[in-house]
There are 2 protein chains.
Amino acid sequence: MNKEELVIAGFRDLFNKLVWLNKSKMEDSLKGYKSSEVHCIEYIGRNEDSNGTKLVESFYMTSGAISKMTKKLIKKGIIESYQKPDNKKEIYFRLTPQGKAIYEIHEELHKEFQERDKAVFEQVTEEQFDSMLSFVEKYSRHLDAEIKKLGADIKSESI
Amino acid sequence: MNKEELVIAGFRDLFNKLVWLNKSKMEDSLKGYKSSEVHCIEYIGRNEDSNGTKLVESFYMTSGAISKMTKKLIKKGIIESYQKPDNKKEIYFRLTPQGKAIYEIHEELHKEFQERDKAVFEQVTEEQFDSMLSFVEKYSRHLDAEIKKLGADIKSESI
DNA sequence: ATAGTTTTCCTTCCTTGTCAACAAAAATAA
DNA sequence: TTATTTTTGTTGACAAGGAAGGAAAACTAT
């Protein structure tokens, strides 16, 4: 493996670990709420006027999955939907008081995770941070362009 | 968001994009084979004497899922199982000729992805690589320790 | 305005993964 | 040796996510 592969593989493994570990802790603290649900609550709590399409885009999930999840969360009384007077199509979501309570607990957990991993991040210098951030940005932009290309290809195929 | 969060969020988004994009390309080239199956073929092709437990550990999936997937792959004639004379419990897997063909195609794709992203990685200096790798290693070791703790907690709870 | 087309948004069916309970072999202890 | 514990893999019920399809809104050109 060359360094390029090492970096990618390393980060992949790191993320799998992080997701797995936080998921465990999360489902321990927020018993009864799945990590995907909490993730959704987090997003709706942070972003005013979230709707299905926004969730689809930022979760990289299908609209079917989103539709079901939001439906379930409404049934559970965690979120509620509303519409705007001048648009009869789009359906927006916001947290109910119960949802807000979960949101707060989640924020606390988040801080706990930061505390847990503080030792690692304290060793990272400003330069390292900036270097990683610039890498992420460049790579991300590059992939955006590739995704756009793919979209164009698909469209031209279907004609 | 502080830099710590930015890095984590940035990498998460980056990975989602990468997985999504490569998955699309992959399922385009390897029609009929799902990315999870190809992932499994890749692992078995690379690692001599893979068994269920190894797959569970490196995929962060449950043994139930692995059991089903391997069974399906055997049924499709992509992998085959074998045992060792001195152990009647462990079941190992290897690729069939058909599986090896898929493996080769996958390797080609992998190279194609590297080529696609070359422009990004060419801009990364040796120092940046080393810095990122050292970060990944440190963080990974830290999480390993935390996971170990969690395991101990679970065990002590159940007593 | 209105008829046709395209786009956007949302819901229903099928595949896949998880969880729980279990069985059998291997390792360890008594 | 015999008994207990640990490891390894399997099966069935259930939940989560993706593909496909349908309905409403928005756009376009008469």
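Chain letters run A, B, ... following the sequence lines, proteins first and then strands; every chain starts at 1.
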Can you sort out the partners of [X] under salt bridge (Lys or Arg N to Asp or Glu O under 4.0 Å), two or more places apart, ordered by chain and number?
X: A:R94; value: A:E80
X: A:K17; value: A:D13, B:D144
X: A:K118; value: A:E115
X: A:E112; value: none

- prompt: Do the numbers put B:K84 on top of the ring of B:Y92, so that NZ or CZ is under 6.0 Å from the six-membered ring centre and no more than 45° off the axis?
  reply: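 Flagged: B:K84 positioned over aromatic ring of B:Y92.
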According to side chain to side chain donor-acceptor pair (under 3.5 Å), who are the partners of [X], at least two apart in sequence or on a separate chain?
X: A:E107; result: A:R46
X: A:E104; result: none
X: A:K76; result: A:E37
X: A:E4; result: none

What's the [atom1]-[atom2] distance between [X] and [N], to the nearest Å?
X: B:K72; N: C:dG17; atom1: NZ; atom2: P; result: 6 Å
X: B:I66; N: D:dT10; atom1: CD1; atom2: P; result: 11 Å
X: A:Q83; N: D:dA24; atom1: CD; atom2: C1'; result: 11 Å

- prompt: Considering the terminal five base pairs at each end of the helix from C:dA1-D:dT30 to C:dA30-D:dT1, what angle separates the two local helix axes, rounded to 10°?
  reply: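 Axis angle across the helix from C:dA1-D:dT30 to C:dA30-D:dT1, nearest 10°: 30°.
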message: Using a 4.0 Å heavy-atom cut-off, does A:K68 contact any base of the nucleic acid, only the sugar-phosphate backbone, or nothing at all?
response: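 Touches a base.
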Side-chain cluster (under 4.5 Å, hydrophobic types only) that A:V19 belongs to, other residues: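 Via sub-4.5 Å side-chain contacts, A:V19 links to none.
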- request: Please work out which residues in residues 86-96 of chain B have a non-hydrogen atom less than 4.0 Å from an atom of DNA chain D and list them by number.
  value: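 Hits under 4.0 Å, by residue number: B:K89, B:E90, B:I91.
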task: Specify the residues of residues 52-65 of chain A, ordered by number, for which at least one heavy atom lies under 4.0 angstrom from an atom of DNA chain D.
output: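 Listed by number, they are A:M61, A:T62, A:G64, A:A65.
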query: Which of the following nucleotides, C:dT12, C:dG17, D:dT10, is nearest to the side chain of B:S67?
result: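 When the side chain of B:S67 is considered, D:dT10 is the closest of C:dT12, C:dG17, D:dT10.
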- prompt: Below 4.0 angstrom from OP1 or OP2 of C:dC10, is there any side-chain N or O of A:K71?
  reply: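 So the side chain of A:K71 is outside the cut-off, no N or O lying under 4.0 Å from OP1 or OP2 of C:dC10.
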query: Once the angle between the rings of A:F11 and B:F135 is folded into 0 to 90°, is it parallel (under 30°), tilted (30 to 60°) or perpendicular (over 60°)?
result: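 Rings of A:F11 and B:F135: tilted, as their planes differ by 30° to 60°.
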